[in-house]
Amino acid sequence: MSLHEETLSQIDNAAKIMDLDAEMKAYLERPQKIHQVAFPVKMDDGSVQMFDGFRVQHNNLAGPYKGGIRFAPEVDLDEVKALATWMSIKCAVVGIPLGGGKGGVTVDAKKLSQTEKERLTRAFVQAIADYIGPAQDVPAPDMYTDSQVMAWATDEYMKLKGGDQMGVFTGKPLEFGGSAGREEATAQGGVYIWNEYAQRNAIEPSKTKVIVQGFGNAGSNVARMLHNEGYLVVGISDSKGGLYCDHGIEIEQAIVCKVEYGAVNECEHAAINYNQIEEGHACKRVTNEELLEQECDLLVLSALENQITEDNASNVKAKYIFELANGPTNPNADEILSKNNVVLLPDILMNAGGVTVSYFEWVQNATNYYWQAEEVQNRLKEIMLNAFDRVESNRSKFNCSYREAAFITALERLSNLAKLRGVLS
Ligand code: GLU
């Protein structure tokens, strides 16, 4: 099953449970527009390389298309279609007035210099400039794109179109139209819901061992936040591999170490009480696949899609899974996990904090009035917890999983909108 087929199967599954109108389901199965571009970039050695880029505009019933742009070697049309579909669903789960889109360039961003990355960003913006805009389609960061990339992208768009176009990209630096709290928003939104879930289910942080897969923006922030809440983070990883320390890991130290050594599995000395434990005893280096199968209570998936599949789902020891990446668990794995009574809090709910603060940034850009960090956090918390309540009540009503309930919540909202707007009968 391709990634896009996985999203369709998730929609299909929820549609059956809630008895969704067949026209509505067909309407959401296809993206409204697909833009595929090829463009040249001058490299530092003077050569010119061609790159393929995509922007998929899945649905704009609720507002302008919204969703990130990733620079990664695996990017292809199928992946971008899947991610764009999840964006429409995600915005509808949290009820923000934005639609769903996604973009990407097929490139190994780690091999680019900063100047090559800047030229690639500007060239991609030139290629898609006519399809995006503050009232049309608003991209944001995703894998291997960050606030610096958004600053170049916004600058390029403004040069092309003129005037104040600050709301064309979100996830910009604070000094250049960004919002307070955007960097941490993806992790923070998920942590607000996790804390609420933990409280309702009497889960005690100090007795809960956590593994976090992925150490990018979402992963490193969620590891730090959970560590600060008193959880024992015993495992972390990045694309080069993982580290599992049964005494726990000092996350702040691991963040510093990752910058210095470029890989978290070089960071044994970040283990809690490292000086008092025998060397090589309490920490082991593991692969990303092995990390997912280590002993823990909570597994946070914040790396790539398709990490838990039919091949490893039954080896997962965690009781709870909290998805921060998009699509880290496939539908076959969902079934196995649910049979094994693993509670899974899904991506479209848990990582919606990122796009929610992007929405706040877009509102601040439109009004040219900027909020304090506390205001951003309060509003984010309110939106995330309201979404969680709605999902929780659909879960009881339909007696289904959190993923199914989150899809149902989104599909109910989108169906109402489609009826109100007269798009469907
Ligand atoms: N790339 C993020 C996501 O997958 C954020 C999208 C946005 O802020 O528009 O949710």
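It should be emphasised that the depicted structure is a prediction, and the values quoted were computed from it without experimental measurement. Note that these values count all heavy atoms, side chains included, but never hydrogens, waters or copies made by symmetry. Remember, it's 1-based here, ligands and their atoms both numbered in the order they're listed.
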(request) Kindly write out the residues that satisfy side chain to side chain contact (heavy atoms under 4.5 Å, CB included) with V316, not counting sequence neighbours, or none if the list is empty. (result) L299, I308, A318, I321, L337

(message) Going by the rule side chain to side chain contact (heavy atoms under 4.5 Å, CB included), which residues pair with R119 if we only count those two or more places apart in sequence or in a different chain?
(response) V41, K42, D44, T115, E116

(request) Give the ring-plane orientation class for Y131 versus H35, where under 30° counts as parallel, over 60° as perpendicular and anything between as tilted. (result) parallel

(request) Establish, for the pair R395 and Y402, whether the NZ or CZ atom is under 6.0 angstrom from the six-membered ring centre and no further than 45 degrees off its axis. (result) yes

(request) Taking side chain to side chain contact (heavy atoms under 4.5 Å, CB included) as the test, write out the residues that go with C257, two or more places apart. (result) Y261, C267, H269

(request) Inspect the contact between R55 and D137 and indicate whether a charged nitrogen and a carboxylate oxygen are less than 4.0 angstrom apart. (result) yes

(message) What does the 4.0 Å heavy-atom contact list look like for ligand 1?
(response) K66, G67, G68, M87, K90, K102, A140, P141, D142, R182, N326, G354, V355, S358

